[in-house]
Amino acid sequence: MVPLERLAAYSPWTLPNRTVMAPMSRVRAAAGGLATPSMATYYAQRATAGLIITEGVQPSLVGQSNPGTPGLHTDEQADSWRQVTDAVHTNGGRVFAQIMHGGRISHHETTGLQPVGPSAVPGEGNVSTPSGPQPAPVPRALETHEIPEHIRSHVDAARRAVDAGFDGVELHGANGYLISQFLSSNANLRDDRYGGSITNRIRFAVETVAATVESVGAARTGIRLSPGGGIWGVTEDDAAELNTALLTELARFDLAYVHLEATTDEDILLRLRETWPGTLIVNPTVPGGPKQTGRTEADHWLDLGADLIAFGRGFLANPDLVERLRSGLPLAPVDEITFYQGGDAGYLTYPTYQHTAA
């Protein structure tokens, strides 16, 4: 068993433990995509994590995926995040903002705009809108000359995040959103320099990383990937080769970390661990369903070479997850009904173990 007390090197910081709070959408932002006092409390309650990664934050209006999500594309939005970063730092934590451009996973009822993507191919399933679930619409395929604008939106959001007190940013390259769509073999049907071959399909991700590093620094930049994940209908027919090529390119930037979801075969993930020379976060999945990742799954991936372990549901339902893992205490279950319902119930109301026992 790998001790949680072992310090995890994380230039230019050293983390107090190897737990990461995974990004989880909670759709509790105020009108205009503003962060709220409740959001500040929510993240501060979980500041014992080695690192917190926030819910996905849109870098532009057209990049907004769901109603109720926060943004980092206006000065007012950036100012609203200061209460969150201050609260986390006051409680001794470290926090990165996840920058998430939804691409085709959006709807004009949410943004007033037609979603965009690498190609005019809709995602699978229903997307959230102010009037309820709607089928994913056909996006407008980006013209080649428009692509730098969407790279810049990530960069501008990263700059605003750092100015708002975040320790860094995570580019969301996973789960079928815009960067993931460009990586895909079925959402990206382009015939220009951003489509077709693996070299071309990783180009958007690599250029977005490069521009973000130039703006805020490599030590403040991470990226999340879901190799072969298949979320929102995104397919990577060549997941091993694609992600190996991507990590080989990203290795030259000396990023803070790569964050892999365990969405493909373990042997492929081990190959990616060998390819990536830097800090690796693994977000384990639990076979057979939505059970929370616990100490067993964490130790498995630490033994296989992960540096840090990301916990989603575990941190959602257990503000004191670090202490529960360290002491072998049971984990509280999540209340799925409250995931996206708004309000503080099921958001700020999960107790610590000591409070529950009392």
Side-chain angles (χ1 to χ4, degrees), residues 56 58-66 99-111 113-129 133-155 171-212 223-250 260-261 263-265 268 272:
Q58 59 259 14
S60 61
L61 181 58
V62 75
Q64 182 175 3
S65 180
N66 300 315
I99 300 176
M100 176 184 135
H101 190 309
R104 68 182 188 174
I105 306 304
S106 184
H107 199 278
H108 67 87
E109 285 191 14
T110 298
T111 65
L113 302 167
Q114 182 182 7
V116 298
S119 300
V121 179
E124 294 181 1
N126 292 331
V127 298
S128 296
T129 78
Q134 300 281 348
V138 177
R140 181 178 64 80
L142 289 168
E143 300 289 342
T144 304
H145 69 83
E146 295 179 290
I147 289 177
E149 169 192 342
H150 293 272
I151 293 173
R152 283 195 303 272
S153 73
H154 288 79
V155 175
L171 302 174
H172 197 349
N175 295 359
Y177 298 109
L178 185 63
I179 293 176
S180 175
Q181 291 160 29
F182 270 93
L183 295 173
S184 169
S185 50
N186 70 338
N188 181 351
L189 305 180
R190 305 178 70 90
D191 59 6
D192 64 358
R193 63 195 298 265
Y194 291 96
S197 68
I198 285 176
T199 298
N200 285 351
R201 281 166 29 227
I202 69 174
R203 192 183 307 277
F204 182 78
V206 173
E207 290 183 353
T208 303
V209 166
T212 304
I223 187 169
R224 192 180 208 216
L225 304 169
S226 53
I231 302 171
W232 291 111
V234 159
T235 296
E236 294 174 1
D237 290 332
D238 41 15
E241 293 77 14
L242 174 82
N243 288 279
T244 298
L246 176 57
L247 293 189
T248 299
E249 282 294 305
L250 296 183
L260 292 182
E261 296 181 45
T263 47
T264 190
D265 295 339
I268 294 177
L272 298 179

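- A 4.5 Å side-chain heavy-atom check between Leu178 and Pro118 finds at least one atom pair inside the cut-off.
- In this structure, the side chain to side chain contact (heavy atoms under 4.5 Å, CB included) partners of Asn200, at least two apart in sequence or on a different chain, are Ser197, Arg203.
- The two residues Tyr177 and His101 come nearest to each other via the heavy atoms CB-O, 3.4 Å.
- Considering CG of Asn188 and OG1 of Thr235, their distance stands at 12.5 Å, rounded to 0.5 Å.
- No donor-acceptor distance shorter than 3.5 angstrom exists from the side chain of Thr244 to the backbone of Glu241, with no hydrogens or angles considered.
- Taking all atoms of both residues into account, the shortest heavy-atom contact from Arg190 to Ser119 is N-OG, 3.6 Å.
- Between Leu183 and Ala205, the closest heavy-atom pair is CD2-CB, 4.3 Å.
- For the pair Trp232/Gln181, no side-chain contact is recorded, criterion being any heavy-atom separation below 4.5 Å from C-beta on.
- Contact record, Leu225 with Ala174: C-CB, 3.6 Å, taken as the closest heavy-atom pair.
- Thr264 contributes atom OG1, which lies 8.0 Å from atom CG of Leu272 (distance to the nearest 0.5 angstrom).
- Residues Ile223 and Gly173 come closest through the heavy atom pair CG1-N, 4.4 Å.
- Within 6.0 Å of CG in Asp191 there are 12 or fewer heavy atoms belonging to other residues, nucleotides or ligands.
- Counting heavy atoms from C-beta on, the side chains of Ser185 and Arg201 come closer than 4.5 Å.
- Looking only at side-chain heavy atoms (C-beta outward), Asn243 and Glu236 come within less than 4.5 Å of each other.
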*Criterion side chain to side chain contact (heavy atoms under 4.5 Å, CB included) on Glu149 and Val116, from CA distance to verdict*: CA-CA 12 Å; Glu149 169 192 342; Val116 298; over 6 Å; no
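- Counting all heavy atoms, side chain and backbone alike, Pro122 lies closest to Ala136 at CB-O, 3.8 Å.
- Atom CD of Glu207 and atom CZ of Arg152 lie 12.0 Å apart (nearest 0.5 Å).
- With contacts defined as side-chain heavy-atom distances shorter than 4.5 Å, the pair Phe182/Thr208 does not qualify.
- Glu109 is linked by a side chain to side chain contact (heavy atoms under 4.5 Å, CB included) to His107, Thr129, Pro130, Ser131, Gln134, counting only residues two or more places apart in sequence or in another chain.
- Considering NE2 of His108 and CD of Gln114, their distance stands at 9.0 Å, rounded to 0.5 Å.
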_Intermediate values then yes/no, side chain to side chain contact (heavy atoms under 4.5 Å, CB included), Arg140 and Leu113_ = CA-CA 10 Å; Arg140 181 178 64 80; Leu113 302 167; over 6 Å; no
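- Put simply, the side chain of Asn126 reaches to within 4.5 Å of the side chain of Pro135, judged on heavy atoms.
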*Run the numbers on Asn186 and Val121 for side chain to side chain contact (heavy atoms under 4.5 Å, CB included), then give the verdict.*
CA-CA 8 Å; Asn186 70 338; Val121 179; over 6 Å; no
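- Taking CG of Leu171 as the reference point, atom CD1 of Ile179 lies at 5.0 Å (rounded to 0.5 Å).
- At distances below 3.5 Å, not a single donor-acceptor pair connects side-chain atoms of Ser184 with backbone N or O atoms of Ser180.
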Name each donor-acceptor pair under 3.5 Å that joins a side chain in residues 58-66 to protein atoms two or more places apart or in another chain, with its distance.
unit_1 : atom_1 : unit_2 : atom_2 : d
Gln58  : OE1    : Thr69  : OG1    : 2.8
Gln58  : NE2    : Thr69  : O      : 3.2
Gln58  : NE2    : Pro70  : O      : 3.4
Ser60  : OG     : Gly63  : N      : 3.2
Gln64  : NE2    : Asn66  : O      : 2.9
Gln64  : NE2    : Thr69  : OG1    : 3.4
Ser65  : OG     : Ile105 : O      : 2.8

*Worked verdict on Asn175 versus Met100 for side chain to side chain contact (heavy atoms under 4.5 Å, CB included)*: CA-CA 10 Å; Asn175 295 359; Met100 176 184 135; over 6 Å; no
